[in-house]
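See below for the structure under consideration.
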Amino acid sequence: MGFSINGIKQGFLMRADMEKIVSLSDGDSITELQKYLSTVTDDQLITVITNSALKGKKVGTMIKGIFKGSPATSTEGSNRRLLVYKHCIPLCESGDLQTEVAADIIGLLMLETHTLTGSCLAQLASLFVEAIKMGKMGNGKSMELFPTVLTALAACEALSYGKGELSGEEYKKQLINTLCSSRWDPQCVIHLTTMFRDVPLSLEELQFLVEKVLRMFTKLDLQEIPPLVYQLLLLSAKGCKKQVLDGIISYFKEQDLCQDEEQKHEESLDLEVQSIPQDQLRHVEGTAILHIVFAIRLDHELGREFLKTFKTSYVDLCPFSVALLLSVARIQRYEEQVFDLLKGAIVKSFKDEQLQQGSKFLQDLLPEHCSVAQMILDTVKNSVFGWDHVTQGLVQLGFFLMDTFGPKPGPFGKTTEGSATIARTPTQQACKLGVRCSSRDLRGEILEQVLNRLVTKTASPVNHYLDLFSDIVVSAPMILLESSSKVTETFDHLSYLPLATVQGLLKAVQPLLKVSMSLKDALILTLRKAMFSSQLDGRKSAVTGFLLLLKNFKVLGSLSSSQCSQAISSSQIQVDVHSRYNSAANEAFCLEILSSLRRCLGQQADVRLMLYEGFYDVLRRNSQLASSIMQTLISQLKRYYEPEQDLLPPVKLEPCITAHEDQVYLQEPLAHLMSCTIHCLLWLQNMHHSNNPNAGDSDDDDEKEEEGYQTELHTILESITRRMVKSELEDFELDKSAEFSMGSSVGVKNNIYAVLVMGVYEVLVEYNFLKANYSKTRFEELMELFNRYHKLSEILKEKSGKGRVSSHKTPRSLVSLGFISTLLTVLFRDSTQSKEEALSVLRSSSEFLRYAVSVAVQKIHQLEETGHTDGPDGQNPERTFRFLCEMASVLMWRYTNIPSVVEDTGKKEKRSSLSQLCLEGLLRIFTTCQQRYPDRMAQLLSNMDIAGDDAEPDDGSVTETNFFYIRQFQRALFTHVAGGEDDFNSKEAQLLVSILSVLSHQLKPSSQQFVQMITWTVKICKETSFEDSAFSKGLLSLLFNLHSLYKSPVGLLLELCQDIHSQLGDIDQDVEVENQSHFAIVNMKTATTVALLVLSQVGRVFDEVDWLIARKKNQTATDKLRPSEATQTAGAQDPIEKAVTLQLGTLLTALNELIQTALLPGTCTITLLRELSRTYTILTTLVKYYIQVCSTKPGALPARFEKLVKLSGSHLTPQCYSFITYAQSGEFSGGGADDKKKKKQNEVNTAASAKLLRDTKAIPNLIFSIEQYEKYLITLSKKSKVNLMQYMKLSTSRDFRINAATLDAALQEQVNSQETTETQETQEPKPKKRKQ
């Protein structure tokens, strides 16, 4: 009872105290308030404040009263004020007070802080520091007071610290140092960062603080990162912007790497435990990106710092920073900068990757490559986690890359047809990356942009946009159906678009036509209009569109074909496209289209040609249309067929041409019409027999009709064949006396007739071969047709060759690729006894064999260039690949089994032998496969199967199969070379080298076979001494290409330079060059060619060295900015620096050999001068790099570098000046040539010397480079305290003014050209020959 009475009593007293303080503070008498407060004990005061604060009643007024009655000037007042502060801070942190009350208290304390004495402020600050260290700053409310305390503290003049004194500013610095060095409770990090925004900080203090906060990132929960990022960005307004951004980016980079590592482990260990869930990390990254972009919008200095980080090098990029850049690109002022920066980084990354892949030297030095493309693709993958702000940037980037790096139009605006799937050059890779960036979300927006570009970019190829459009159709057909108005709008422009664009667009949109009636109707309407377009391309587009519709709207009952198995309905749209209703509708629809297409048969030749080329594919996809198609073709053919059996020729050529004013044009491509008719007829027969072997029992009306037109057509073709054999060239007015010049209308008409007749012969040859069934009589008839064809072909060649410029271009053969493949097989490899007699008729004609192989080469060349061939199956990649395999097998067998000696009869003629044609065919097949079917090279080689008859073991592996064929061609080349110079066929040897070069691309540089290949190539180069420049060039190019993937070629270059010096002699005729020959392939005839090749390879090595130095310079600059990360063992030379120095040292020695060589005037000399100029430029770059190193890390220069400088100064530079004098004097000598040769050479040299004097920009450029090099060497000598100039001799005094009188005298007195013209040069001493 007593306890409660005391408590009540105490409560009354406290209330009385509070009210007393409040009332006195409201009054005027401060003295009374002071007196009263002096009677209240500290404990009572604390209790009063606590209770008031808890109840929230008049606490602010009371604290004001206490401050009013506690003057800061008196010790007692000062202590009381400190007591209030010390008590209120923990009280506000306790969490017991209402938020408003705590805020009021802190606000009051902040107002009075400036009145506290220095010692009180020091105590308060220490209190805060201790609380933070102990982790007692739970909710951070009192943190708002700390900046005020620190600001007031900094304003103090002197404070006692230990035994001495410190200024307030120094004291504050110590406090911050202590605070940042101590352990922080993770809960406090955000409050502390917020708090420091209000503290005035020096740059040094800010750096220290930012480092501390960034270190704390890893200690925080992932969800706390975005608010901390936000506070850090606000803090960056004070400075350290780059540090803040780098820290945030590197944190997320680390998190991404950890995530990737975990995913790899999961895949290998089948675990599902993640330290950080991927979706959570991506969402946090997305929020952080939003915060950073918001900060950059407000602070443009921050934006500039951010972009500056990536301008010098892309090495610092990561998926997070790429995403951030793409978000920043949405700010208009940064858009262009960001895309330019990313474009540069992407292309640079691809170029660097290409450089590294082509050089083993670089791969060994820098094993890992940082791929920007992969980072962008990672960003694409990550953007599915709701990164809308990034996705838009990705789409923009995708279109930016496609617009910038898309395929460009060829000469005269022609679009070059190429493979859209394989990207080889950095620009092609960048364009392909653009397509992959854009094929994600926002497809509606993408669709509009793609369609706009298809319509507007008519001058350039648009394959990449078509690929993207096709991807959208497959992945999001519903979006297209919703936006069908946009597609319909595009259809309106069809007749104005290039044909290739129309074909691609209609092929892509075709799956939608089956499910959208409105789209189909709109397209048909557009195509009908286009059919009557005034533009030829418009009418061709109409034919293309109609043929595509006929192929894809299948009529019920059509025979199945392997080509019909293509999936054409989208899995996302459920529509029964094969219902009876649809099939019936399709039939009416297709017949309607066919009637439209018949109108084309009265149009230009190009339009008809497209129709004939398309009918075969339509028939295969839609065999129910056979009757209509065949009737159309037969009626068209009859217009040009002569029905009178006794009349010759059997075809009317006059209606096939038309004239307009003086010009004669082809109106009807008759041979194409016949070809189309024959292929359709034969296919129908084959399909009919294979599907209905007992068709004879049926008497169906359709079959009768079918048999009727088939019989009629066979009769017509038999009649044409019979009469074409009888027809002489005079019947076509095409005998030898006919005019074939393209300058007159008669000549043009005769040329058209000749091409038509040759085409008809070819088509009939194919028809009769397929119908002959290996009958000797039919084959003899076929040979008659061929002989007529060959005779006309020879007349055309002969006539066109008479003009100054040969206007003759072999017309494209009209036989199909499948026929040529079959023909080659039966001619060379069919040993069936029953066919022997008939085939001997074909085999006995060498011209027919040549024709078969030549056409095969022509077809393969067309496939290589355009990706398809003329005729049936030419557009089908699977079938064309199968034909390639068959032809490769036959040509390989023919080349390896029938020696060239047998063909000596054709040796004296100027044309290629059959073996050579076979080789050319093989080379074309291999290059085509490498370009068009890069993943199927192994399949091609394994299908060639000549290994089956050979005893060579084959384990079936790709490398072994490839190497087996490499050995075959190596053997062939070795035999060829071993035969001696008289039997040497340069063209064939070059083809063999080219084939080896193509096949060597399939070998892995790490494999044993690759090493064997290099060893063999080196052996051939060392032992072959033919004076054939083209062959030497091919062989050495192969050697260089292989060598760069095996090791650095500088040693090889040095040996070749020594050989060239030995062969051509010295620039000083008195010096005898030591006769040494590492490579027999270098001789008097080939030395100049080899020198040019060597110089181009030297240039390639310089590219690598230059790239490495630039990389080191960037690294040094980065280390300068981040000194904490730059760690290198003292005394040990950096491996890249060492490699660069060694490479340059060997190259300098090699060039030293070349500039002592009596090179011939012209290209070789100028190229050498340019490479020398580049040598000094790169040496200057290296010197500049060491100047940069010396300014950051003073120390001795590497001994190797000093040796390099010595080598350049004492050996190369003096020889350079001697070579310049030699080049300018015109005293070119062949080093050991006889007098006759010298006279002849002198005549050539006169013109070449004059040209060289005109083009001597190379000489002043070289001298400038030397002087620049010496200038920077002086700077480096000063920086490094090493006298590098001791190795340099004084430069030759030079005057670039041309002395006209001296020049005239020199040209007039050419006979006495040994006398040197008067110059102001001081001659260098004769170079001493370095014995090797």
Side-chain angles (χ1 to χ4, degrees), residues 129 132-133 135 137 140 143 147 173 175-199 201-259 275-276 281 284-296 299 301-303 305-310 315-321 323-325 328 1118-1127:
V129 172
I132 291 165
K133 279 185 186 177
M137 288 293 174
M143 282 286 189
K173 195 173 181 179
L175 271 176
I176 291 172
N177 200 337
T178 310
L179 187 57
C180 292
S181 305
S182 60
R183 185 183 283 111
W184 288 5
D185 185 338
Q187 290 180 334
C188 294
V189 178
I190 295 172
H191 301 311
L192 282 166
T193 313
T194 312
M195 178 273 291
F196 272 112
R197 279 169 40 206
D198 300 323
V199 178
L201 296 169
S202 67
L203 187 63
E204 193 183 341
E205 290 166 351
L206 185 61
Q207 281 175 343
F208 199 42
L209 171 66
V210 168
E211 272 176 38
K212 174 66 180 176
V213 176
L214 290 172
R215 282 200 304 274
M216 290 302 296
F217 266 54
T218 49
K219 309 270 195 326
L220 292 180
D221 187 47
L222 198 61
Q223 296 302 329
E224 291 181 334
I225 296 295
L228 180 56
V229 166
Y230 180 70
Q231 292 303 330
L232 254 183
L233 289 165
L234 290 174
L235 184 64
S236 72
K238 291 174 175 287
C240 294
K241 298 178 195 299
K242 181 175 166 50
Q243 193 182 351
V244 168
L245 287 170
D246 286 353
I248 296 168
I249 290 168
S250 50
Y251 167 75
F252 283 115
K253 187 177 179 179
E254 284 298 318
Q255 295 303 312
D256 284 342
L257 288 171
C258 293
Q259 187 75 236
S275 58
I276 299 172
L281 175 62
V284 165
E285 286 179 338
T287 314
I289 289 170
L290 282 173
H291 285 325
I292 298 171
V293 173
F294 182 68
I296 288 174
D299 182 358
E301 188 58 43
L302 187 67
E305 279 296 333
F306 173 59
L307 293 180
K308 208 187 289 179
T309 312
F310 304 111
V315 179
D316 293 327
L317 279 173
C318 63
F320 178 79
S321 56
L324 184 51
L325 277 167
V328 169
T1118 312
D1119 291 349
K1120 195 174 179 181
L1121 293 169
R1122 302 173 190 165
S1124 57
E1125 293 174 27
T1127 51

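When all heavy atoms are compared, the tightest approach of Val210 to Cys240 is CG2-CB, 4.3 Å. Between Gly303 and Ile296 the shortest heavy-atom distance is CA-CG2, 3.7 Å. Contact record, Leu302 with Ala295: CD2-CB, 3.7 Å, taken as the closest heavy-atom pair.
Judged by distance alone, the side chain of Lys242 and the main-chain N or O of Glu305 form no donor-acceptor pair under 3.5 Å. Ser321 places no side-chain N or O within donor-acceptor distance of the main-chain N or O of Leu317, the cut-off being under 3.5 Å.
Residues passing the side-chain contact (heavy atoms from CB on, under 4.5 Å) test with Tyr251, sequence neighbours excluded: Phe217, Thr218, Leu222, Ile225, Gln255.
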- Under the side-chain contact (heavy atoms from CB on, under 4.5 Å) rule, what do Val244 and Leu235 come out as? Steps first, then yes or no, please. CA-CA 9 Å; Val244 168; Leu235 184 64; over 6 Å; no
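Note that the CG atom of Asp246 and the CZ atom of Phe306 stand 10.0 Å from one another [nearest 0.5 Å]. Here the OG-CD1 distance, from Ser236 to Ile248, works out to 8.0 Å after rounding to the nearest 0.5 Å. Within the model, atoms CD of Gln231 and CG of Leu228 stand 8.0 Å from one another, a figure rounded to the nearest 0.5 Å.
When side chains are defined from C-beta on, Leu324 counts as touching Ile249, because their heavy atoms get closer than 4.5 Å. Looking at Cys318 and Asp256, their side chains never come closer than 4.5 Å, going by heavy atoms from C-beta outward. With a 4.5 Å cut-off on side-chain heavy atoms, Val189 and Glu224 do not count as touching. Put simply, the side chain of Leu325 reaches to within 4.5 Å of the side chain of Leu307, judged on heavy atoms. The shortest side-chain heavy-atom distance between Leu245 and Thr309 does not fall under the 4.5 Å cut-off. Using a 4.5 Å cut-off on side-chain heavy atoms (C-beta onward), Leu232 and Leu214 make contact.
Gln207 CD: more than 12 foreign heavy atoms inside a 6.0 Å radius.
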Donor-acceptor contacts, no H, no angles, side chain residues 284-292, under 3.5 Å, sequence neighbours left out:
residue, atom, partner, partner atom, Å
Glu285, OE1, Arg282, NH1, 3.0
Thr287, OG1, His283, O, 2.8

